[in-house]
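No experiment lies behind these values; they were computed from the predicted model shown.
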Amino acid sequence: MQIRPAATLALTRDSSDGIQVLLLQRTWDASFMPGFYVFPGGAVDEADQRCAEYLTGGDDRSVSHDLGLDAGGSHYMIAAIRESFEEAGVLLALDDNGDFLPQDHPVFADRDAMIAGDQTLAGLCHQHTLSLPMDRLAYLAHWITPPGPPRRFDTRFFVAVMPDGQTPAHDRVETIDHVWLTPEQAMDEHRQGTRLFASPTLRTLRILAGFDTTSDLLRYAHSQPPSPAPDKPWPAMQQGKPVSVEPGTPAFDEVHKIDPEGHGHALAEIVPGEAVQLADGVIRLTCPNPGAMTGPGTNSYLLGHPGEDWTVIDPGPADESHMERILEVTGGRIGQVLTTHTHPDHSPGASWLRERTGAPLRGMTAPPDDPIQDHDFRPDSVPVDGDRIETAAGTLKVLFTPGHASNHLCFLLENEHMLFAGDHIMQGSTVVINPPDGDMKDYLESLDRLLIEEIRWFAPAHGFLIGKVESVVDWLITHRLTREKKIATALAEHGPGTLKELVKHAYDDVPPSIHGLATRSLLAHLIKLRKEGKAKEDGEVWTSLAG
């Protein structure tokens, strides 16, 4: 699949509340991110290259250098200026006096022709004697759409100050509303589900939130262009043979971290029983219990070094071969066993290890009313949120993260910034939220809480090491809130109704064969809406309370 170059422009202004940013709402009929709030932007057009003679404050060579490209960097900036004019009615161009244009400048009458494709930005620059100031835009971030979506973009994010004397106006074609918000306001509304933002937008908002004024922001962006992310295939081994791992595929972050020089010795597969060194004092062992819910198997993490007492996180099920392998790697010197939660693929091995080694157990007990959980797990101590647990590999910070399970904990190895995430984060799929023990509201709040911690790596219970932490969290929250918006719409338009009646409308984009599983997720979302006063339940019938 071809990855198209694209550009996005965050227009900012100063206010009494701090920096504000212009956001446009996409039409609900859009095939891509309907109803989402975005910055103006879109694909780079071939015609953008014709603007080279109208550039000031920089040229393609200088812009390309900042973007980490050999050539063509100015095309991204030109596209950002053009899309801002078409979608938001804001034109970052200078007249022959070097001033930004007032709203009554005749060029604004040509906007409709631009949108219709009857005029080009180069044509307008020639007709009205305009120049495009590269130095008034600053490069802020880079985002490549991960594999999976039907369309993928290599997007450069730029920032600029809103020109005085111009008034934004959405185009009423691709965008149906616009609003000025501080980054903090936007992120808060996203958490509440009142506005939808995609992961790259949220990441950019988080960058903007770190500045008090537009001048501070521009000064930073001009002096600190983002470092290019690894975007080339990486050598690794799979089934004993050399392979190239593509960026965005599950193994990429891990093999790049383990083998930063690209020697090709890192494994691009998860092999049960294979001891994988993820960091100093951190080894992953995967249990041979693959399945639809466990992926390649449950990961146990061993923290320590030979000759020391080890810490075991999530020993998994009491699979004898896996237990013996843990004893082999640790030399039987286990100082403590931690569990993220008591689902049967995570904690039963803890009791087995205590019987063999005498190691104390730390974790939360199983909820009494849930028959599927491990009620034989009896911890010697119950960590609480914020506790520190010392290990031979460093200090673990305890994070209470209910949602997937009411007793779910994560453990952050602070010196490595690595979060042992249990089932809070899963690779390649969303986490099952199954009421009554699973709670969607708790889950989203627990996800959001991760963003205030200094985390660089997720070590999940199923799958490879995961980088790009903020992007992963943003995507998970956005995915859930997008589904919730669809459920709320289905409830309003097709309710009152039972779960069976509503699921075919709320999940009409998935095969009917999995509507049974989808019903559990539907119930989790409806319970969240009920807690927020947006829905009510009468017996088995759900009704919308949205205004």
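By the salt bridge (Lys or Arg N to Asp or Glu O under 4.0 Å) test, Arg354 pairs with Asp380, sequence neighbours left out. For Asp253, the salt bridge (Lys or Arg N to Asp or Glu O under 4.0 Å) test picks out Lys468, with sequence neighbours left out. Listed by chain and residue number, Ile334, Val337, Thr357 satisfy the side-chain contact (heavy atoms from CB on, under 4.5 Å) test with Ala359 (two or more places apart in sequence, or in another chain). Annotation: side chain to side chain donor-acceptor pair (under 3.5 Å) contacts of Glu324 (sequence neighbours excluded): Arg356. Asp474 meets the salt bridge (Lys or Arg N to Asp or Glu O under 4.0 Å) test with Arg206; sequence neighbours excluded. Every residue meeting the side chain to side chain donor-acceptor pair (under 3.5 Å) condition with Arg191, not counting sequence neighbours, appears here in chain and number order: Asp448. The ring pair (Phe, Tyr, Trp, His ring centres under 6.0 Å) search around Phe411 returns none, not counting sequence neighbours. Residues satisfying the ring pair (Phe, Tyr, Trp, His ring centres under 6.0 Å) criterion with Trp234, sequence neighbours excluded, are His256.
Salt bridge status for Lys528 with Glu532: present, with a side-chain N to carboxylate O gap under 4.0 Å. Taking the charged nitrogens against the carboxylate oxygens, Lys500 and Glu540 have no contact shorter than 4.0 Å, which rules out a salt bridge.
A donor-acceptor contact under 3.5 angstrom links the side chains of His462 and Asp423, judged on distance only. No donor-acceptor contact under 3.5 angstrom links the side chains of Thr298 and His346, judged on distance only. Side-chain atoms of Thr395 and Glu414 include no donor-acceptor pair closer than 3.5 Å. There is no side-chain donor-acceptor pair under 3.5 Å between Asp345 and Thr294. In the model, Asp314 has a side-chain atom that pairs as donor or acceptor with a side-chain atom of Thr340 under 3.5 Å. Counted by atom type alone, Ser351 and Asp376 present zero donor-acceptor pairs between their side chains at under 3.5 Å. Between the side chains of His322 and Asn289, no donor-acceptor pair is found at a separation under 3.5 Å.
In this structure, Asp385 and Arg449 have side chains that are in contact, with non-hydrogen atoms separated by less than 4.5 Å. Counting heavy atoms from C-beta outward, Pro402 and His408 have side chains that stay 4.5 Å or more apart.
Residue pairs that meet the salt bridge (Lys or Arg N to Asp or Glu O under 4.0 Å) test with at least one member in residues 511-520, sequence neighbours left out, do not exist here. Applying the salt bridge (Lys or Arg N to Asp or Glu O under 4.0 Å) test to pairs two or more places apart or on separate chains, those with a residue in residues 284-298 are Glu254-Arg284. Applying the side chain to side chain donor-acceptor pair (under 3.5 Å) test to pairs two or more places apart or on separate chains, those with a residue in residues 363-372 are Asp370-Gln373.
Among Ile455, Leu447, Val431, the single residue meeting the side chain to side chain contact (heavy atoms under 4.5 Å, CB included) criterion with Ile425 is Leu447. If you run ring-ring contact (aromatic ring centres under 6.0 Å, His included) between Tyr443 and each of His525, His404, His424, only His424 comes through.
With hydrogens and angles disregarded, a donor-acceptor distance shorter than 3.5 Å links the side chain of Gln277 to the backbone of Ala279.
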Using atom types as modelled, flag every donor-acceptor pair under 3.5 Å from a side chain in residues 485-492 to any protein atom, sequence neighbours excluded.
from	atom 1	to	atom 2	distance (Å)
Lys486	NZ	Asp508	OD1	2.5
Thr489	OG1	Lys485	O	2.9

